[in-house]
Amino acid sequence: MPETPPPTILVFDSGVGGLTVFREAKTARPDAAFVYLADDAGFPYGNQPEDKLIARTADVIGAAIARHAPDLIVVACNTASVIALADLRARFTVPFVGTVPAIKPACAQSRTKRIAVLGTQATVSREYTRALIREFASGCHVALVGSPRLATYAEAELAGTPATDVEIAGEILPCFLDEEGQRTDTVVLACTQYPLLAERFRRVAPWPVEWLDPAPAIARRVADLLRERPVAAVACTQTIEFTSGRTPPPTLKKALAAFGF
């Protein structure tokens, strides 16, 4: 019998933030053929009306399915996941792995029971996020912090034009609460762009906290869904596409090379 070919995995994001998820998924399935699709022509997603975002993600992902016939699609974007994932699953038969705020593990590990969810304004304002809090955050105080700028700062960081420490600090400061001597000790990174700034966050934070990156949990889910496909003894292939059709500038090319592109 012919061997089953390695799976094709499409990783989708509004920009390059999903590369943090791609990196973990590649570790989980080193044999897979990866296609990373950055909808930079539609970036940023956090400022788009809900109906337009649903329609756009369906169009962009539908076209990618026709081109690449993926076995699995990872929506490596919190905003797209909380707004459009249900519609995508209804439209397409390909299995999807979404990205949602890691509120359950954050509350489980927090010692002070003070956590913050740092995401785009679209993510933190959605009923989906509030439902996660009601279900998993009993006995835990959760501060929802919507940043209008951090996703853009993260993209700029990778492109070699970083924001200042003052600008970064101003965006994360609302996460840090000290109430009755109980300080925030865990911050959920509810946008896949934000781990690109993790070292900057640690440097400017008022006190040390645990920054919870969703990428490892997403990679575990990818591995679980593909568990019936044996890991082949071949190295993965990977390509990256930008919906704008642009050629990345030299600094971004260098950063992409660090991810193997």
Side-chain angles (χ1 to χ4, degrees), residues 5-48 52-100 120 122-123 151-152 154-156 158-159 191-196 214-215 218-219 221-222 225-226 236-249 252-253 255-261:
T8 297
I9 301 173
L10 176 71
V11 180
F12 171 78
D13 187 28
S14 59
V16 294
L19 289 170
T20 58
V21 174
F22 158 76
R23 180 170 52 199
E24 295 291 333
K26 179 181 174 182
T27 300
R29 286 300 304 226
D31 62 323
F34 281 92
V35 179
Y36 186 93
L37 178 59
D39 184 20
D40 60 329
F43 181 87
Y45 276 7
N47 302 330
Q48 292 197 28
K52 290 186 178 180
L53 182 58
I54 290 173
R56 180 170 186 84
T57 54
D59 288 346
V60 173
I61 289 178
I65 290 172
R67 289 195 305 275
H68 301 291
D71 298 286
L72 182 70
I73 298 174
V74 179
V75 180
C77 174
N78 285 82
T79 301
S81 292
V82 300
I83 293 175
L85 189 57
D87 178 80
L88 292 170
R89 284 175 169 154
R91 286 175 183 259
F92 305 111
T93 59
V94 183
F96 283 85
V97 176
T99 307
V100 297
T120 65
T123 294
T152 299
E155 298 277 323
L158 208 61
C191 175
T192 54
Q193 268 94 355
Y194 296 177
L196 296 172
I218 297 168
R221 181 60 177 158
V222 168
L225 288 175
L226 295 173
C236 76
T237 61
Q238 56 190 66
T239 58
I240 188 167
E241 299 177 358
F242 293 91
T243 56
S244 67
R246 67 169 173 161
T247 298
L252 181 56
K253 278 187 177 181
L256 294 175
F259 287 91
F261 293 101

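Heavy-atom basis, side chains included; hydrogens, waters and symmetry copies ignored.
- For the residue pair Phe43 and Gln193, the shortest heavy atom distance occurs at CE1-NE2, 3.6 Å.
- The only option from Leu158, Thr192, Val11 that meets the side-chain contact (heavy atoms from CB on, under 4.5 Å) definition with Leu19 turns out to be Leu158.
- Remark: side-chain polar atoms of Ser81 are not paired, donor with acceptor, to backbone N or O of Gly98 under 3.5 angstrom.
- Judged by distance alone, with hydrogens and angles left aside, the side-chain atoms of Glu155 form a donor-acceptor pair with the main-chain N or O of Val16 at under 3.5 Å.
- Under the 3.5 Å distance criterion, the side-chain polar atoms of Asp13 are left unmatched by any main-chain donor or acceptor of Ala38.
- Between Asp87 and Arg89 there is no salt bridge, since no side-chain N of the basic residue sits under 4.0 Å from a carboxylate O of the acidic one.
- The structure places NZ of Lys253 at 6.0 Å from OG1 of Thr247, a figure rounded to the nearest 0.5 Å.
- Tested against Asp40 for a side-chain contact (heavy atoms from CB on, under 4.5 Å), the candidates Ser244, Ser14, Pro248 yield a single pass: Ser244.
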* To do: Show your working on side-chain contact (heavy atoms from CB on, under 4.5 Å) between Thr57 and Tyr45 and close with a plain yes or no.
  => CA-CA 10 Å; Thr57 54; Tyr45 276 7; 3.9 Å; yes

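- Of the possible donor and acceptor atoms, none in the side chain of Glu241 sits under 3.5 Å from a partner among the backbone N and O of Ala64.
- In this structure a side-chain-to-backbone donor-acceptor pair under 3.5 Å is missing from Thr8 to Asp71.
- A perpendicular orientation is assigned to the rings of Phe22 and Phe34, their planes being inclined by more than 60° (bins at 30° and 60°).
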